[in-house]
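In what follows, a structure is listed as structure tokens, so that the remarks can point back to it.
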Amino acid sequence: MSQIIEYPVIMTKHSKGNFSVSSPNIPGMKAKGKIILQAYLHAIKSAETVLEGKTEPKVFSVRDWKLKDNQKIFVIPVRVKS
């Protein structure tokens with residue numbers, strides 16, 4: 001059985017106009033895309049791949065995250081086994 005957990009991620013816009021995504025909640029999860037939607041969808045797939053077969057990590061509060069001017073927080077839905 002699986003469930004969907006919402007994880008906050010950091011979306012970074014780079015000077016060349018492309019985007020990358022990472023998350024302190026999911027070590028090793030990285031994604032990129034030419035547009036925001038592409039990076040967002042790649043982040044979901046990457047997170048599911050990293051978490052496959054693992055116990056879901058705790059979702060840390062974003063309040064302590066230090067963001068740069070070119071970064072924003074997004075939330076991605078991730079299907080994990082329960």
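The basis for the numbers below is simple: all heavy atoms, side chains too, and nothing from hydrogens, waters or symmetry mates. Keep in mind that what you see is a predicted model, and the values were worked out from it rather than measured.
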Original post:
How far apart are the C-alpha atoms of L51 and V78, what are their side-chain angles, what is the distance that settles it, and do they pass the side chain to side chain contact (heavy atoms under 4.5 Å, CB included) test?
Top reply: CA-CA 9 Å; L51 295 175; V78 179; 4.0 Å; yes
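Between atom CD1 of residue I76 and atom CD1 of residue I5 there is a gap of 11.5 Å, rounded to the nearest 0.5 Å. The structure places CZ of F19 at 13.0 Å from NZ of K34, a figure rounded to the nearest 0.5 Å. A distance of 10.5 Å separates CG of N25 from OG of S22, quoted to the nearest 0.5 Å. Taken to the nearest 0.5 Å, the CD1 atom of I44 stands 11.5 Å off from the OG1 atom of T49.
Closest approach of V59 to Y7, counting heavy atoms only: CG2-CE2, 3.4 Å. Between E48 and R79, the closest heavy-atom pair is OE2-N, 3.1 Å. Closest approach of A39 and G33 over heavy atoms only: CB-N, 3.8 Å. Nearest heavy atom pair, residue I73 against residue P8, reads CG2-CB, 4.1 Å. Nearest approach of M11 to V21, heavy atoms of both residues: SD-CG2, 3.5 Å. P77 and I4 make their closest contact through CB-CG2, 3.7 Å (heavy atoms, listed as atom of the first residue, atom of the second, distance).
Put simply, the side chain of S20 never gets that close to the backbone of K32: no donor and acceptor are under 3.5 Å apart. In this structure, Y40 contributes its side chain and V75 its backbone to a donor-acceptor pair below 3.5 Å. Side-chain atoms of S23 do not come within 3.5 Å of backbone N or O of I10 as any donor-acceptor pair. Side-chain atoms of S46 never come within 3.5 Å of backbone atoms of H42 as a donor-acceptor pair (strictly under, hydrogens ignored). A donor-acceptor pair is defined here as one N or O able to donate and one able to accept, closer than 3.5 Å; such a pair exists between the side chain of N70 and the backbone of K13. A donor-acceptor pair is defined here as one N or O able to donate and one able to accept, closer than 3.5 Å; no such pair exists between the side chain of Q71 and the backbone of T12.
Annotation for Q3: atom CD counts as buried by contact number, over 12 foreign heavy atoms lying within 6.0 Å.
In the hydrophobic cluster analysis, where Ile, Leu, Val, Met, Phe, Trp and Tyr join through side-chain heavy atoms closer than 4.5 angstrom, L67 is grouped apart from F74.
The closest side-chain heavy-atom distance from V9 to M29 is below 4.5 Å.
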